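Structure record follows, encoded as structure tokens.
It should be emphasised that the depicted structure is a prediction, and the values quoted were computed from it without experimental measurement. Quick note: numbers below take in every heavy atom, side chains included, and nothing from hydrogens, waters or symmetry partners.
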Amino acid sequence: MIDRLVIDHTDDNTSRAADSVQTAFQTGKGHCKIVVLSEGKTITENFSNKFEEDGIDFIEPSEHLSALIIR
């Protein structure tokens, strides 16, 4: 667990949330899980900054890659 926040949309809280997400990605080696507890329900979202799916690694998009695809 990196942080626990109460969502209130203040500048301080937004900055804190951004810092926590950045730390989570670094600690999780490119993966981050957000868990939201709201009105007795638990919502879990998984995020990744990796270009992978089903164990397959993909080339990171770049301007040079798109030029190859268009031709």
Those residues that, when tested against Ser15, pass side-chain hydrogen bond (donor to acceptor under 3.5 Å, both in side chains) (two or more places apart):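 So Ser15 forms no side-chain hydrogen bond (donor to acceptor under 3.5 Å, both in side chains) with any residue.
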Check side-chain hydrogen bond (donor to acceptor under 3.5 Å, both in side chains) between Asp57 and all other residues, then give those that pass, not counting sequence neighbours.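 Asp57 satisfies side-chain hydrogen bond (donor to acceptor under 3.5 Å, both in side chains) with no other residue.
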Taking side chain to side chain donor-acceptor pair (under 3.5 Å) as the cut-off, I'd like each qualifying pair that reaches into residues 18-29, sequence neighbours left out, listed once.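 The answer is Asp3-Ser20.
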Taking transitive links into account, so neighbours of neighbours count too, which hydrophobic residues share a cluster with [X] at under 4.5 Å side-chain distance?
{"X": "Val6", "result": "none"}
{"X": "Ile43", "result": "Val21, Phe25, Ile34, Val36, Phe47"}
{"X": "Ile56", "result": "Phe51, Phe58"}

Give, for atom CD1 of Ile2 and atom SG of Cys32, the distance between the pair rounded to the nearest 0.5 Å.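 The distance works out to 8.0 Å.
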Reported CD-to-NE2 distance for the pair Glu52 and His31, which is rounded to 0.5 angstrom: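 If we round to the nearest 0.5 Å, Glu52:CD and His31:NE2 are 4.5 Å apart.
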Shortest non-hydrogen contact from Thr14 to His9?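 The pair with the smallest heavy-atom distance is OG1-C, 4.2 Å.
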Should we say atom CG of Asp11 is surrounded by more than 12 heavy atoms from elsewhere, each under 6.0 Å from it?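 At most 12 heavy atoms, drawn from other residues, nucleotides or ligands, come within 6.0 Å of this atom.
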Any donor-acceptor pair under 3.5 Å linking the side-chain atoms of Asp12 with those of Thr10?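 Their side chains do not contain a donor-acceptor pair, so the 3.5 Å distance test is not met.
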